[in-house]
Amino acid sequence: MTAVIEFKDFSFIYEGEKEAAVKHISFSVEKGDILLIAGISGSGKSTILRAMNGLIPHMYNGVYEGEVLIEGKSVLDTPMNELSRSIGFVFQNPENQIFAFSVERDVAFGLENQGFSSEEIRERVAWATGMLGISDLRKMAPFELSDGQKQRTAIAGVLALKPNILILDEPTSLLDPLTAKETLALISDLNKELGLTCIIVEHRLELAAPIANKMLVISKGEVRNFGRLKDVIVDPVIYLSGISIPPLIELQKALGIDDVRLTIDSFIREIVHR
Amino acid sequence: MIEYKNVTFRHKSGTVALKEINLKIGEGELLAIVGTNGAGKTTLIRHLNGLLKPSSGNVYVFGIDTKKATVSTLSKRVGMVFQNSDHQLFSNTVEEEITFGLKNFGYDYVKAKERAETMMRFFGLTALKDRAPLTLSGGEKKRVCMAAVLAWEPEVLVLDEPTVGQDFINKKKLYQAIVETNAAGRTVIIVTHDVEFIWPLQPRILVMSSGRIVRDGRASDIFVDEGLLRSANLIMPQLAEISNRIGMAPAALDINQLLEVKDNWLRI
Ligand SMILES: Nc1ncnc2c1ncn2[C@@H]1O[C@H](COP(=O)(O)OP(=O)(O)OP(=O)(O)O)[C@@H](O)[C@H]1O
Ligand SMILES: Nc1ncnc2c1ncn2[C@@H]1O[C@H](COP(=O)(O)OP(=O)(O)OP(=O)(O)O)[C@@H](O)[C@H]1O
Ligand SMILES: [Mg+2]
Ligand SMILES: [Mg+2]
């Protein structure tokens, strides 16, 4: 297996701060993985993501130690525009991401930048806006959107690029519950069909755990556990790291079930009699 | 105490975001508003402190017609935490952000500082008190907004997506703050997509869709109505769904209630 993303003893102190935001981070992500990153607020999740797409160190100043490799190349030596060809990044706050005059222009923006043909752009914009349920909003200006509609637009713009690596920072935080579920299912489909590698930060594990295969737990800027999601999610370190466990998992832990089922369907099918 | 009378709201662009809303909210109620993205939830609550005024119809808060009141007089009584923290934060430090409202609403310097310290301790912000709010992490920003509004104990507390970016510990604190505020007789209104969070609170729930309130009822009735849930882009909270699937009614509010009767449903 080839590592698509590799962190080697990476530490970072934001300029002007005394404490490192993240310390001695080492882990690697293989092609086709969906990695779920969990940790309490302020633990360093967004910082780790910024170190992947090059915002750190190219846009954020600070003390940079260790190495982050994307497809074998050090982020330090790779300009952001090159990184953005293989990495799609969905920001925690969609307002930092959408700025064109209309939803449609915004979703097309990245594609235009990467020089796709106008026909290809039209096709992909139609696909992405359809998938995110914003086709009807195509002509609206971003400032006229509700917050969830902004988040849908931001996600559509990135999915339209069909990047090799998709990085999402709390992508469902503003989505209504059904759209959140469907968006994660869509990402899971793209992962299966296109072999897309995905890194996702999400507090609501009930939504993200069913689609991920690996999990990284971070606390106070350090890695507490990393590995197969099914193993990590039942590790008591999760509680100590302040991560909330969905009722379904909690219930199975209380019942002493080791091989936890991640969806209610499989739980009912395999654990419950009718 | 709060009343919407035939309220319609039209944005400048022409979008009608609220359609003939009629709604009464009593003193001391705990209310959650849920529904599809773009349904009009944020638009609805922004009428409470006069940030938005109805295009037609009226909103009365404590008997005052919001068309005849200023945002600042209403804001003292109706504290609002916005969906996007970046729209709320404006001070140079976290501490200033939290003391600002207090001073504005008549606390003296010493009292304001004391109160701010209590709030920062409660929300785990003490170590960040000299930081610039806009450089904080997403969840930290939200907590600063929450602390700033809760500090002056408004009579009505309105929270737009309060759990976004919050981890387990902070969600628990938020939960506690909501329960305590409500227990003290104050009205709490929560707009949220986080159905897991509101399920154990068992609030009165308004379901919104396309600018209308399509259902006004109790959590226990709404979250079992599959047709309604689908039409408003909602899903069942896990505890409600598990209860439903194992035939347990009323649905469990915590896992212990499921464990107590496990002999009835457990296969292994
Ligand atoms: N631009 C910045 N300048 C200085 N410190 C920062 C900056 N951005 C983040 N930090 C600090 O670095 C630490 C990690 O922040 P980060 O944003 O990575 O956390 P997070 O895990 O994403 O949190 P959340 O879940 O709340 O978004 C926090 O203490 C935060 O205050
Ligand atoms: N400034 C604006 N100008 C024009 N239209 C707007 C504006 N803000 C919101 N809208 C529109 O009004 C409707 C209601 O928006 P609102 O923000 O109230 O939705 P919401 O229920 O809070 O959604 P979300 O769950 O996404 O936060 C949406 O159709 C939206 O596109
Ligand atoms: Mg973050
Ligand atoms: Mg809203």
Side-chain angles (χ1 to χ4, degrees), chain A residues 14 16 21 38-47 92-96 133-134 137 140-141 144-152 169-170 172-181 203-204 206 239 241-248 250-251 254-255 257 264-265 267-268 270-274, chain B residues 11-13 15 17 34-43 83-86 124 128 135-140 142-143 160-161 163-172 193-196 229-230 232-235 237-239 241-242 245-247 252 254-256 258-259 262 265-268:
Chain A
Y14 284 98
I40 65 166
S41 165
S43 58
K45 302 179 299 296
S46 295
T47 304
Q92 188 163 354
N93 183 350
E95 289 194 358
N96 297 338
I134 49 173
L137 309 175
M140 277 176 79
E144 295 173 340
L145 302 176
S146 77
D147 288 274
Q149 291 168 337
K150 284 178 193 161
Q151 191 162 47
R152 294 185 190 199
D169 199 351
E170 298 186 32
T172 67
S173 60
L174 302 169
L175 300 182
D176 60 57
L178 190 64
T179 305
K181 207 172 163 181
H203 285 291
R204 291 189 289 174
E206 68 274 9
Y239 292 99
S241 304
I243 296 165
S244 74
I245 304 297
L248 177 66
E250 240 187 291
L251 181 64
L255 291 169
I257 296 165
I264 290 179
D265 279 341
F267 174 73
I268 297 290
E270 293 158 30
I271 313 279
V272 173
H273 69 208
R274 300 175 189 246
Chain B
H11 283 284
K12 280 199 198 81
S13 62
T15 308
V34 299
T36 317
N37 289 135
K41 305 179 294 296
T42 298
T43 308
Q83 190 161 4
N84 191 331
S85 313
D86 291 353
L128 304 172
T135 69
L136 299 175
S137 80
E140 290 165 347
K142 195 91 197 190
R143 265 154 35 228
D160 200 350
E161 297 295 348
T163 66
V164 167
Q166 299 309 324
D167 53 65
F168 181 59
I169 299 164
N170 289 310
K171 266 196 203 178
K172 271 207 148 146
H193 294 302
D194 193 341
V195 295
E196 304 293 342
L229 294 179
R230 212 172 311 108
N233 274 13
L234 293 167
I235 59 178
Q238 286 198 336
L239 287 166
E241 184 170 359
I242 295 170
R245 301 275 292 264
I246 65 174
D254 59 48
I255 66 161
N256 290 327
L258 287 168
L259 289 169
K262 69 171 193 281
W265 56 267
L266 193 63
R267 186 196 316 185
I268 46 175

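Just so we're on the same page: letters track the sequence lines, and every chain starts at 1. Predicted model, so just to flag it, every value in this text is computed and none were measured. Atoms considered below: every heavy atom in the structure, side chains included; atoms not considered: hydrogens, waters and symmetry mates.
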Applying side chain to side chain donor-acceptor pair (under 3.5 Å) to B/Q166 and A/H203, what does each step give before you reach the verdict? CA-CA 7 Å; B/Q166 299 309 324; A/H203 285 291; over 6 Å; no
Dump the intermediate steps for side chain to side chain contact (heavy atoms under 4.5 Å, CB included) on B/L258 and B/I246, then the final yes or no. CA-CA 10 Å; B/L258 287 168; B/I246 65 174; 3.6 Å; yes
Test log, rule side chain to side chain donor-acceptor pair (under 3.5 Å), inputs B/S137 and B/E140: CA-CA 5 Å; B/S137 80; B/E140 290 165 347; 3.3 Å; yes
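Taking 4.5 Å as the heavy-atom cut-off, the residues of residues 173-180 of chain A that approach chain B are A/S173, A/L174, A/L175, A/D176, A/P177, A/L178, A/T179, ordered by number.
In this structure, chain A has heavy atoms under 4.5 Å from both the backbone and the side chain of B/Q238. Within the 4.5 angstrom heavy-atom criterion, only side-chain atoms of B/K262, from C-beta onward, approach chain A. For a residue to count as touching a neighbouring chain, one of its non-hydrogen atoms must lie under 4.5 Å from one of that chain's; by this rule A/E170 touches chain B with the side chain only. The contact between A/E250 and chain B is made by backbone and side chain atoms together, counting heavy-atom distances below 4.5 Å. In this structure, the portion of A/S146 lying under 4.5 Å from any heavy atom of chain B is its side chain and not its backbone. Residue contact with chain A, scored on non-hydrogen atoms closer than 4.5 Å, involves the side chain of B/D86 exclusively. With a threshold of 4.5 angstrom between heavy atoms, B/K171 approaches chain A through side-chain atoms but not through N, CA, C or O. If you measure heavy-atom distances from A/L248 to chain B, the contacts under 4.5 Å come from both the backbone and the side chain.
Side-chain contact between B/L259 and A/L255 is present, with at least one heavy-atom pair separated by less than 4.5 Å. Counting only heavy atoms from C-beta outward, the side chains of B/F168 and A/I40 never approach each other to under 4.5 Å. Looking at heavy atoms from C-beta onward, B/S13 lies in side-chain contact with B/T15 at the 4.5 angstrom threshold. Side-chain atoms of B/Q83 and B/V164, non-hydrogen and from C-beta on, never get closer than 4.5 Å to each other.
Remark: the backbone N or O of A/F267 is not paired with any side-chain donor or acceptor of B/R245 at under 3.5 angstrom.
Heavy-atom pairs under 4.5 Å with chain A were tallied for B/G38, B/G124, B/A252; the largest tally goes to B/G38. By number of non-hydrogen pairs under 4.5 angstrom with chain A, the leading residue of B/I235, B/N233, B/I255 is B/N233. For chain B, the option among A/Q149, A/K45, A/Q151 with the highest count of heavy-atom pairs below 4.5 Å is A/Q149. In terms of non-hydrogen atom pairs under 4.5 Å with chain A, the most contact-rich of B/T42, B/D194, B/N170 is B/D194.
For the atom pair CE (A/M140) and NE2 (B/H11), the distance works out to 8.0 Å, reported to the nearest 0.5 Å. To the nearest 0.5 Å, atom CG of residue B/L136 and atom OG of residue B/S85 are 9.5 Å apart.
Comment: B/D160 does not engage B/K41 in a salt bridge, judged by the lack of any side-chain N to carboxylate O separation of less than 4.0 angstrom.
Looking at residues two or more places apart in sequence or on another chain, you find a ring pair (Phe, Tyr, Trp, His ring centres under 6.0 Å) between A/Y14 and A/F12, A/Y60.
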